[in-house]
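Written out below as structure tokens is the structure these notes cover.
Position 1 is the first residue of the sequence; numbering continues from there. Atoms within each ligand, like the ligands themselves, are counted from 1 in listed order.
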Amino acid sequence: MKSLFKTAAVIGFAVAALTTTALTPARADDVKLGFVVKQPEEPWFQDEWKFADQAAKEKGFTVVKIGAEDGEKALAAIDNLGAQGAKGLVICTPDVKLGPALVARAKANNLKLMTVDDQLVDGEGKPLSDVPHMGISASKIGEQVGQAIVDEAKKRGWDLKTVGMIHVSYDQLPTAKDRVDGATKVLEAAGLPAANVFDAPQAKTDTESALNASTTVLNAHPDITHWVAAGLNDEAALGAARASEAVNITPDSMIAVGIGGADSAINEFKKSQPTGFFATVIISPKRHGYETSLNLYDWVVNGKAPPASVQTSGVLAKRDDYHDVRKSLGIE
Ligand code: FCA
């Protein structure tokens, strides 16, 4: 009898303890959150991490930063975070089609899940809209790229009918397709013939892949003397610019405009002479790193769900004004 009472008391105590744990908001210094990115070597993602760290420092939580270059690593990262007792993660996935698998894995590990930059899709390619997401307004930013190219081509007195476009594409990623489509639409509306848009599909979203894809295009059209280039990010535009240099197209015959504005672009602007990388649309690593982390923290600690979808904007910057633009965005 005595032992039965004892057992009941122990169970009662355990239930009380569990209830208390469930009701007590987590203390900041107990909270661990993951920030997983697909390309940790890319300056954009390093900036996201930097701003995630800033949020963590301000609020007193811990950010665990993990690079996951493929699906296997992304799933392992989620298990790893679960094993460490993390409460949630922000992810820019290496493959958006992993959507349902990532959601299931986060759920199995009791982790709240948010996405940044690249939105998850289901088996049919539809966005997983119940996972909170912060991305860029891809079509609009692509149109800004197109407009910057058109304006500069006019300034240089080019006849758009004779200009070739290196269309650096990575169509399996919807935000990439929307960005490049936006740029192409503006260029064609301004008079660049659709027949002069040459697709340069990248195997990966880095400079080397863009360089390889662009080189093929340039080699196939030695008759064209004036070139423009657009792609999903600064690395894509840089790859096109590097390819033009390799075939002796001078910077005054090339207008490549990127998207990002992290060190990949800034280092280019710092060179003593202009290159074919003419401009970038600076997007905000602060919003994508700092704000996503704070939103996730608020969700974990206060139960306040993040906005379902946020689309951030961008501002055009060139060699001569990038400092001012960066200052106005609070990233310098
Ligand atoms: C994608 C690209 C990155 C960056 C980000 C906002 O993830 O691969 O380079 O542009 O969107």
Side-chain angles (χ1 to χ4, degrees), residues 35-52 65-71 74 90-99 102 114-121 127 131 133-145 168-183 201-211 213 229-240 256-268 277 279-293 309-317 329 331:
F35 205 112
V36 181
V37 303
K38 64 178 181 180
Q39 262 166 301
E41 78 290 352
E42 189 181 306
W44 164 260
F45 293 109
Q46 285 163 21
D47 280 355
E48 280 188 340
W49 274 350
K50 184 177 94 190
F51 286 109
K65 299 178 289 259
I66 306 178
E69 293 89 343
D70 59 40
V90 178
I91 188 168
C92 178
T93 173
D95 178 0
V96 291
K97 291 199 195 75
L98 283 173
L102 294 176
M114 274 184 67
T115 50
V116 72
D117 305 334
D118 301 351
Q119 188 169 25
L120 304 178
V121 298
V131 178
H133 176 67
M134 183 185 286
I136 68 168
S137 43
S139 307
K140 201 164 153 254
I141 287 174
E143 288 166 21
Q144 284 172 267
V145 167
V168 185
S169 61
Y170 190 73
D171 285 353
Q172 61 265 52
L173 180 60
T175 181
K177 187 167 184 334
D178 291 346
R179 296 175 199 186
V180 185
D181 283 354
Q202 296 180 271
K204 279 167 63 187
T205 56
D206 59 9
T207 306
E208 198 189 335
S209 302
L211 165 65
L232 97 152
N233 57 13
D234 286 332
E235 282 68 18
L238 281 170
V257 175
I259 295 172
D263 272 352
S264 328
I266 302 309
N267 290 339
E268 196 70 10
F277 183 90
T280 183
V281 177
I282 300 191
I283 50 179
S284 178
K286 182 158 186 193
R287 294 203 63 191
H288 288 234
Y290 179 89
E291 202 174 306
T292 49
S293 302
S309 171
V310 178
Q311 295 198 328
T312 61
S313 56
V315 187
L316 185 74
L329 291 170
I331 55 175

For atom 2 (C) of ligand 1, what is the closest protein heavy atom, and at what distance to 0.1 Å? Leu232 CD1, 3.7 Å
Considering only heavy atoms, does Lys38 approach ligand 1 within less than 4.0 Å through its side chain, its backbone, both, or neither? side chain
Please state which protein non-hydrogen atom is closest to atom 10 (O) of ligand 1 and give its distance, to 0.1 Å? Arg179 NH1, 2.9 Å
Rounded to the nearest 0.5 Å, how far does CG of Asp47 lie from CD of Glu42? 10.0 Å
Side chains of Asp117 and Trp44, donor plus acceptor under 3.5 Å: yes
To the nearest 0.5 Å, what is the distance between NZ (Lys65) and NZ (Lys50)? 12.0 Å
Region of Glu235 that comes within reach of ligand 1 [heavy atoms, distance under 4.0 Å]: neither
So, Thr175 versus Asp178: side-chain donor-acceptor pair below 3.5 Å or not? no
Taking only non-hydrogen atoms of Cys92 and a 4.0 Å limit, the atoms of ligand 1 in range are 7 (O)
What atoms of ligand 1 come within less than 4.0 Å of a heavy atom belonging to Asp117? 5 (C), 6 (C), 7 (O), 11 (O)
Given Ile91 and Phe35, is the side-chain contact (heavy atoms from CB on, under 4.5 Å) satisfied, shown in steps? CA-CA 6 Å; Ile91 188 168; Phe35 205 112; over 6 Å; no
Rounded to the nearest 0.5 Å, how far apart are CZ of Arg287 and CD1 of Ile331? 13.0 Å
Starting from atom 1 (C) of ligand 1, find the nearest protein heavy-atom neighbour and note its residue, name and distance. Asp118 OD1, 3.2 Å
For Ile283, which part has a heavy atom under 4.0 Å from ligand 1: side chain, backbone, both, or neither? side chain
Near Phe45, which atoms of ligand 1 are under 4.0 Å from a heavy atom of that residue? 3 (C), 7 (O)
the protein heavy atom lying closest to atom 9 (O) of ligand 1 turns out to be Glu42 OE2, 2.6 Å
With a 4.0 Å cut-off on heavy atoms, is Tyr170 in contact with ligand 1? no
If we count only N and O atoms by modelled type, under 3.5 Å, do the side chains of Thr115 and His133 hold a donor and an acceptor together? yes
To the nearest 0.5 angstrom, please state how far the CG atom of Leu232 sits from the CG atom of Leu173. 6.5 Å
